Amino acid sequence: MSHPRLLTAERDPFSGLPALRARWAAGERPPTDLPGLALSYLLSGDESFARRALEELRADKPTGSRGSNRYVRYLNRSLAFDWLYGHPGFDAALKDAVAADLVAGAEQMLALPSLKDPAQASYHNHTVRELALAVFSLAAVEGHPSVEARAAPLRAQAWRAFDNLLEQTELVNPDGAYHESTDYMRITWAPLAMMAEVRRTTTGEDPAARWSAFRNMGTTYLYKVLPDGSEARDDDNEYPHLDARDNVVLGYAVHRFKDPYAAWLLQQRAWLPAEWANPVLQFLWNDSAVVPRDPATTTETELPRHRHFRGVGHLVLRDGWGRDSTWIQLACGPYLAKHDHLDAAHLVVYHKGYLAIDAGADYTDTESPHYLNHYRRTVAHNTVLVYQPGETFFWGENLWPAANDGGQRMDSSRFWNSVRSLEDFRRTRDLWDRCRLSPVAAEAAYRYAKADATRAYQPSKMKRFTREIVHLREPNLLVVLDRVRAADPSYRKAWLLHGVSEPGVTATARGASVGNGGTGYRDASIVTFEDRGGRLRVHSLLPPEREVIVRGGPGFEFWTPGDERGGAWGSGRNWPLDPPEGGPLPEDPYLLKMWKTFWDGIERLSPSNRRAVVPGGWRMETSPATPSKEDVFLHVLEIGDRDARPRRRIAAMEGAALD
């Protein structure tokens, strides 16, 4: 078996040794970590690099750490094993010891429930990292006499699991984006891209040439990074800012697809850290021949101002790539992963600030009270509630009844898992197929889309929910038309929009307290949210007779309307955030029991990353004044600068043959 073969080879068209040696001759250098030293020896022939690398390889011992992040250690050892393989000082005893260590790690990963059956390996961040450990380890030792008999069947198992993941990418994200969040996206895509490159350099098969998710990785960032450099807060995003793993994925887009926009993004040092998560890749995948291009310099023909990410069902609308640009997202797709939220037909708006947001923040540990009863639920999103007293929601293997938020269904423990294979998805499609987005209509003046989220709710309460949006580009107005038909007119409907701070209200009469942090306004016409330099004026036009409630503030930021015991609207409670620094468990016996049910043996709350999250604390609820089975909600969202004056005059028109 010839070496090197992991991520590079003698005549590889993308990272062949002649090209890498030319970079060395030009003064570029790999890092001074274990794989960097091994690569420096490979390129320069300098024995001192090899000796230092072998010393580190010999001294490196398993740390005893648990979890899928162990793959980084095995990745580094695999690369060093491959790149130093031909060095005379790499003696047979050390080779055998390192090879045995790599195979043992791979064997341990492939025995996990997530990978034991390769046909059920899920496209999920933990599984991808676990598989990366096995793939790199087994590719490195291929043909090594002392371990090959043991490694060969494991290698076949690992590649079958990888093939299963690749098939799922065509279901989940053929156009890019990702189903667990943009945070988990980078955690998953960095090892996924590296495994694809190892498959190419070791076997000649090129996954990136077949599976479109790879060539759309860079494009995803182009649309999912907001004008301020933060990331879309899709689902469980505990850190919505670019980090060192994003450098790896963007670097792959430059290396493999010569993506000029990814090269431009890599230059945004105010957004990205200097270091790469896997430093040796910065040398391997650097391609200075790719000229960065600022997307703000493009025309609509060159670079469309909207993108529909099929599979995950996300639609991004933007009017440009400058800091003052507007960014809008509509989420409408299947339920695909544990970290997904119950947010079909959810809208987000950014313009110089976070104007319509995901409310709440991520968990300290999964299954925190806030996470279960608010953050991942429909009530925390900008969509519609239909409240049926007595509706039940549960989590995990039905360990705990969750609060009734009036939102979208979670009626199977399978909702706590991820898509596992194409066959599995087709067989259980009724569980997952919750929202469908019609083809987008785009003209110079507007973009139009229609979402059907009926199936996201229990059929016992929801008979129809469609959302149509039109973004009028020049006046920067977003028209939102919702048709909602409930099974019973007594089920309360609530149209939701969440913001950062307390909004202002324009109404014909003063508001009155409705309890639970809410102030009700009969027939309020405008609710205004502001954040930083941006302003969102929400014009309520339909129903013609309506109650608009503004709710939030201390003690009610994350209020869920119902309890878990079948109570009426208003029986619920506030579910506060856990402290980002961690701390003692709550004294409340109910909350304490909840924590211990999901986390046996827990003694303290661990720290979280939510310090980077804008959680909001206020929302508006529009409800019909008179109960009926069917209602039409019409809102016009006026997007602009905080200091813009005056507001637009917007009114509903009635007439024959108008729809």
Side-chain angles (χ1 to χ4, degrees), residues 172-173 175-185 216 219-237 240-242 295 304-321 325-334 336 339-360 376 378 380-384 434-440 442 446-451 453 456 467-473 476-480 482 496-500 529 531 534 536 538 613-614 616 635 637 639:
V172 173
N173 54 353
D175 300 324
Y178 186 69
H179 54 311
E180 293 188 89
S181 78
T182 49
D183 183 24
Y184 287 107
M185 180 181 78
N216 285 312
T219 304
T220 296
Y221 285 86
L222 196 59
Y223 289 91
K224 287 281 191 170
V225 174
L226 276 61
D228 68 345
S230 64
E231 294 177 305
R233 271 194 64 193
D234 306 326
D235 306 312
D236 279 357
N237 192 345
H241 295 273
L242 298 167
R305 269 46 176 175
H306 75 276
R307 186 171 181 86
H308 176 201
F309 293 99
R310 293 175 302 138
V312 295
H314 293 170
L315 172 64
V316 174
L317 311 175
R318 55 190 315 161
D319 61 7
W321 276 268
S325 297
T326 295
W327 185 93
I328 300 166
Q329 180 169 278
L330 172 65
C332 176
L336 293 166
H339 291 291
D340 210 343
H341 284 190
L342 306 180
D343 62 351
H346 166 57
L347 276 169
V348 181
V349 179
Y350 177 94
H351 175 82
K352 294 187 175 181
Y354 302 98
L355 302 181
I357 67 168
D358 287 73
R376 81 182 299 261
T378 310
H381 299 85
N382 303 319
T383 181
V384 167
R434 58 180 183 167
C435 192
R436 296 184 179 182
L437 190 66
S438 300
V440 179
Y446 71 89
R447 281 81 62 88
Y448 165 84
K450 180 178 180 180
R467 166 162 284 183
E468 296 173 80
I469 65 168
V470 178
H471 182 227
L472 303 174
R473 300 172 67 171
N476 208 3
L477 299 177
L478 183 65
V479 182
V480 184
D482 298 318
L496 302 180
L497 191 136
H498 296 78
V500 174
F529 291 90
D531 182 52
L536 183 70
V538 184
V613 171
V614 179
H635 292 82
L637 281 56
I639 306 165

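In this text the structure is predicted, and so the values were computed from the model without any measurement.
Rounded to the nearest 0.5 Å, atoms CG (Leu330) and CG (Leu437) are 6.0 Å apart. Considering OG of Ser230 and CH2 of Trp327, their distance stands at 8.5 Å, rounded to 0.5 Å. To the nearest 0.5 angstrom, Thr326 atom OG1 is 5.5 Å from Ile639 atom CD1. A distance of 11.5 Å separates CG of Leu496 from CG of Leu347, quoted to the nearest 0.5 Å. Taking CG of Leu637 as the start and CG of Leu477 as the end, the distance is 9.0 Å to the nearest 0.5 Å. Rounded to the nearest 0.5 Å, atoms CG (Leu317) and NE2 (His308) are 11.0 Å apart.
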Could you walk me through whether Asp234 and Gln329 satisfy the side-chain hydrogen bond (donor to acceptor under 3.5 Å, both in side chains) test, starting with their C-alpha distance in whole Å, then the side-chain angles of each, then the deciding distance to 0.1 Å, before giving a yes or no? CA-CA 10 Å; Asp234 306 326; Gln329 180 169 278; 2.6 Å; yes
Test side-chain hydrogen bond (donor to acceptor under 3.5 Å, both in side chains) applied to Asn476 and His471, step by step: CA-CA 7 Å; Asn476 208 3; His471 182 227; 2.9 Å; yes
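Between Asp228 and Lys352 there is no salt bridge, since no side-chain N of the basic residue sits under 4.0 Å from a carboxylate O of the acidic one. Taking 4.0 Å as the cut-off between side-chain N and carboxylate O, Arg233 and Asp358 do not count as a salt-bridged pair.
For Arg467, the salt bridge (charged side-chain N to carboxylate O under 4.0 Å, His left out) test picks out Asp482, with sequence neighbours left out. Not a single salt bridge (charged side-chain N to carboxylate O under 4.0 Å, His left out) links Lys450 to another residue, sequence neighbours left out. Shown here are the salt bridge (charged side-chain N to carboxylate O under 4.0 Å, His left out) partners of Asp343, two or more places apart in sequence or in another chain: Arg434. The side chain to side chain contact (heavy atoms under 4.5 Å, CB included) check on Arg305 picks up Thr298, Glu300, Leu303, Trp321, Arg447, Arg473, with sequence neighbours excluded. Under the salt bridge (charged side-chain N to carboxylate O under 4.0 Å, His left out) criterion, Arg318 pairs with no residue, sequence neighbours left out. Listed by chain and residue number, Val349, Asn382, Leu497, Leu536 satisfy the side chain to side chain contact (heavy atoms under 4.5 Å, CB included) test with Ala356 (two or more places apart in sequence, or in another chain).
Nearest approach of Ser325 to Pro227, heavy atoms of both residues: O-CG, 3.6 Å. The heavy-atom pair separating Asp531 from Tyr354 by the smallest distance is OD2-N, 2.8 Å. Across every non-hydrogen atom of Leu226 and Glu231, the tightest pair is CD1-C, 3.7 Å. Among all heavy-atom pairs drawn from Tyr178 and Ser181, the shortest one is CD2-O, 3.5 Å. The two atoms that bring Ala449 and Leu315 nearest to each other are CB-CD2, 3.5 Å, heavy atoms only.
The aromatic rings of His381 and His341 stand perpendicular to each other, their planes meeting at an angle above 60°, with 30° marking the opposite boundary.
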